[in-house]
Amino acid sequence: MNIMTEQSLENAVGDKMNAKSNEVIKMRGDKVGVFYGDKQALFDVNLDVRLNQVTALIGPSGCGKSTFLRCLNRMNDTIDSARVTGKITLDEEDIYDKNIDVVELRARVGMVFQKPNPFPKSIYENVAYGPRIHGLAKRKADMDQIVEQSLKKAAIWNEVKDRLQEPGTGLSGGQQQRLCIARAIAVSPEVILMDEPCSALDPIATARVEELIDELRQNYTIVIVTHSMQQAARVSQRTAMFHLGYLVEEGATDKMFTNPDDKRTQDYITGRFG
Amino acid sequence: MSSMLVLAIVVAIGLVAFLIGRQRAAAQDNGTVKPHSRAHYHGWWAFLLAVLPALLLLAVWTIGSSFYLDRHIHAALPERTADSKVASEALDVSLVKSLAKGLHQLDANTLAALPATFAELQPLLAAKGVALATDTQDYMIPIAVEANAVQSRLGMIGAVLAFALSIAGAFYALRQIAPRARARNNVERLMLWGLLAASTIAILTTVGIVLSMLFQTIQFFESVSPMSFFFGTVWDPRFAAAGSGGSQGQFGLIPLLAGTLYIALIALLVAVPVGLMSAVYMAEYASPRVRSVVKPALELLAGIPTIVYGIFAVVTLGPFLRDLSAALTGGSPFIQGQSIFTAGLVMGVMLIPVVSSLSDDIITAVPRAMRDGSLGLGATRSETIKRVILPAALPGIVGAILLTASRAIGETMIVVLAAGVAANLTINPFEAMTTITVKIVNQLTGDLEFNSPQTLVAFALGLTLFALTLVMNIVALYIVRKYREQYE
């Protein structure tokens with residue numbers, strides 16, 4: 001017992017040390033603003049996303065956290081009235097630059113949505129969808145390999161390996177969400193954006209997805225929007241607090257939840273508003 | 001008393017009952033007991049009880065008294081003998097009835113001194129604008145007068161009974177009014193029955209149509225064997241003029257069925273790709289501004305009467321294609337002025353808005369989450385449409401196409417004008433051919449005996465067409481319903 005505790009303590013400390021030393025900036029937002037028509041939804045957000053860390057975006061509804069998330073892979077482009085100002089970089093490269101192909105960008109920065117949205121196709125085809133359109137597999141065997149690896153990484157392989165040809169819509173909510181994560185992983189993105197991935201799931205499914213997020217951190221950089229303070233505290237290393245379209249405060253999750261600088265963060269975390 | 005007046009009085013009684021009922025119910029609400037129903041429900045319940053039973057009685061009474069009158073006239077008529085001047089008993093009765101109706105037009109003085117012979121009576125009636133058959137007999141005059149008397153007596157009794165029932169109903173309802181009386185439930189139950197009756201009308205009408213066609217069809221198959229109808233390859237009904245008899249004609253369905261399906265096929269080949277692509281553009285690419293202009297404009301096409309399309313085909317497109325083909329071969333045109341191709345083309349244009357509007361709705365119904373999911377994986381817009389949206393919408397689109405097909409099969413006017421009425425059996429799309437609907441019109445217009453196979457075949461054709469479109473609609477509905485379940 002004692003040894004176990006000591007070991008896990010050591011691991012935790014190791015993690016923290018790693019996190020400290022591993023301060024590579026993967027994505028950087030510089031004075032990001034978003035307009036929907038005439039209405040400004042996001043104001044001058046400066047926020048860094050660090051490599052192989054989970055960055056949680058928190059804040060009350062309508063504070064702009066999802067809007068910011070959708071800027072990171074230009075999903076706001078699909079909304080006709082949306083307009084983005086400022087600069088966002090991925091590996092020092094401006095993603096709103098004219099030379100950037102948005103399709104390529106979205107392959108590098110994948111997205112998992114709030115509500116599980118598997119395509120009305122088989123489980124196999126759901127995962128194979130991305131690799132297929134990007135031509136990642138030359139032969140059927142390669143594709144099988146990618147599908148299996150992705151499903152394994154998304155911790156759903158054991159549950160679906162015997163029914164890969166059944167429709168993805170027939171899975172339970174939590175399984176569907178992990179299928180969507182597998183689908184995102186299949187195109188080997190560098191960054192995975194998650195927009196409240198657990199809001200439509202029950203507590204057990206939520207726990208599985210959170211576990212998964214923690215595992216995925218080894219290979220991917222993750223940005224997650226969440227309404228649950230506990231979830232942010234559990235899965236993230238960095239936390240950013242949004243309010244009314246402004247970034248209120250950003251920092252290491254430990255500090256944010258124990259000793260925030262801003263009173264609004266304190267109030268929100270302790271449930272005094274939001 | 002005229003039946004309109006009776007009706008008006010019954011409704012008036014009902015309105016009075018409504019006002020009293022509402023008033024009384026409102027007066028009873030003194031705040032001690034919470035009323036179950038609001039005052040106007042009590043009013044409506046009184047109205048319904050005052051009006052509905054009385055109307056029902058009137059309807060039954062009217063039908064019954066007309067039967068009674070028929071029997072009465074029948075009994076009063078002299079025994080038929082071999083030398084009766086009127087051809088049949090039924091004619092006898094109907095002559096008396098029209099005479100009785102004519103007598104209504106005369107004023108009281110004339111009626112008091114009614115002439116005994118029809119020869120004298122006729123000018124009097126003619127002066128009032130009543131024309132009667134010349135074989136009306138003298139002995140019918142007293143019978144007609146008697147019939148009128150019976151009729152007015154019956155009418156009066158019916159009216160009095162209706163008033164009594166109406167007032168009784170009103171009183172019954174008004175007596176029931178109490179704070180806890182459930183007038184609302186009563187009214188709403190009656191409303192429910194009313195709605196049910198309304199929805200039954202459509203179904204009953206369909207059944208009626210099918211049955212009416214069925215009997216004529218059976219009659220048709222008594223003279224022409226179903227084998228030669230369904231599998232015959234020659235359509236040549238021969239106009240058997242009344243009395244000539246003998247020449248039977250051939251009633252082969254195949255040329256007409258082939259023409260119907262051929263023209264529908266060409267129409268679908270035009271309408272489906274164009275309609276589908278315009279739907280994709282409208283649902284996925286068009287900016288709201290463009291959409292707000294193009295969509296109504298496209299749907300305007302659906303509002304043009306088909307006869308106008310037919311005129312366009314026969315006056316403009318047909319000659320144009322004929323001349324074009326003549327110019328291409330440098331001599332004789334290979335496209336005839338009236339051809340399957342022309343008809344199919346114009347019908348296809350007519351059906352574009354049907355396909356595009358239905359498909360647009362279906363494509364728009366694919367959840368946004370599907371699009372986001374695909375775009376979020378780095379798919380382009382067209383990849384998303386091809387691989388996610390169209391497959392998801394496919395069952396619905398197939399349903400839309402089948403619905404369109406059954407419209408194409410039922411279309412008549414364009415075919416009459418653009419493809420002609422010649423029942424050929426050909427595979428050359430540039431020749432004239434015709435469809436089932438056109439032949440139905442053809443067989444039912446003109447001076448034909450109504451019980452000859454030449455006419456009755458129209459019903460067999462109609463029933464065949466009905467069965468064809470019914471099956472297509474059922475298949476379409478089945479597919480559409482199956483598709484709906486997918487996102488629920």
Side-chain angles (χ1 to χ4, degrees), chain A residues 66 69-70 72-81 101-122 125-136 150 167-170 176-177 179-189 192-195 200, chain B residues 279-295 359-400 478-488:
Chain A
S66 285
L69 189 79
R70 291 170 67 91
L72 295 177
N73 71 343
R74 294 184 55 177
M75 278 304 278
N76 280 331
D77 290 13
T78 62
I79 299 167
D80 288 328
S81 62
D101 182 23
V102 67
V103 166
E104 215 172 291
L105 170 74
R106 288 186 193 143
R108 289 174 67 189
V109 184
M111 188 150 191
V112 175
F113 295 84
Q114 182 170 4
K115 225 179 124 202
N117 58 348
F119 302 131
K121 300 169 183 284
S122 69
E125 282 302 320
N126 260 286
V127 181
Y129 180 82
R132 201 159 268 162
I133 55 176
H134 294 296
L136 297 184
S150 307
T169 42
Q176 286 188 14
Q177 194 61 298
L179 176 63
C180 290
I181 293 173
R183 192 174 69 182
I185 292 170
V187 290
S188 326
I192 302 176
L193 309 176
M194 298 185 175
D195 191 356
Chain B
V280 166
Y281 172 73
M282 218 96 74
E284 297 294 324
Y285 290 100
S287 68
R289 259 215 0 256
V290 174
R291 191 181 155 90
S292 72
V293 176
V294 176
K295 200 169 183 306
S359 313
D360 182 48
D361 291 345
I362 292 158
I363 291 173
T364 326
V366 174
R368 197 188 157 77
M370 293 293 126
R371 290 179 181 86
D372 282 353
S374 173
L375 293 172
L377 289 170
T380 64
R381 239 173 178 179
S382 68
E383 281 167 342
T384 305
I385 292 165
K386 264 190 315 219
R387 290 169 183 258
V388 175
I389 294 174
L390 286 184
L394 191 65
I397 290 172
V398 171
Y478 173 76
I479 292 174
V480 169
R481 192 167 305 160
K482 212 173 162 193
Y483 151 79
R484 271 207 198 113
E485 286 166 357
Q486 233 173 33
Y487 300 115
E488 277 164 12

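Here is how names work: the chains are called A, B, and so on, in the same order as the sequence lines, proteins then strands, and each is numbered from 1.
- Contact check for A:I133 versus B:R387: side-chain heavy atoms found under the 4.5 Å cut-off.
- B:P288 places a side-chain heavy atom less than 4.5 Å from the side chain of A:D80.
- With chain B as the partner, the residue from A:E104, A:R108, A:H134 showing the most heavy-atom pairs under 4.5 Å is A:H134.
- Closest approach of B:M370 and A:P120 over heavy atoms only: SD-CD, 3.5 Å.
- With a threshold of 4.5 angstrom between heavy atoms, A:V102 does not approach chain B through any atom at all.
- Closest approach of B:G373 to A:R183, counting heavy atoms only: CA-NH2, 3.8 Å.
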* Asked: How far apart are the C-alpha atoms of A:R70 and B:D372, what are their side-chain angles, what is the distance that settles it, and do they pass the side-chain contact (heavy atoms from CB on, under 4.5 Å) test?
  -> CA-CA 11 Å; A:R70 291 170 67 91; B:D372 282 353; 4.0 Å; yes

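- With contacts defined as side-chain heavy-atom distances shorter than 4.5 Å, the pair B:R368/A:T78 qualifies.
- When each of B:L377, B:T380, B:L375 is checked for a side chain to side chain contact (heavy atoms under 4.5 Å, CB included) with A:R106, only B:L375 meets the rule.
- Interface remark: A:P118 contributes backbone atoms only to the contact with chain B (heavy atom separation under 4.5 Å).
- Heavy-atom minimum distance, A:Y129 versus B:S374: OH-OG, 2.6 Å.
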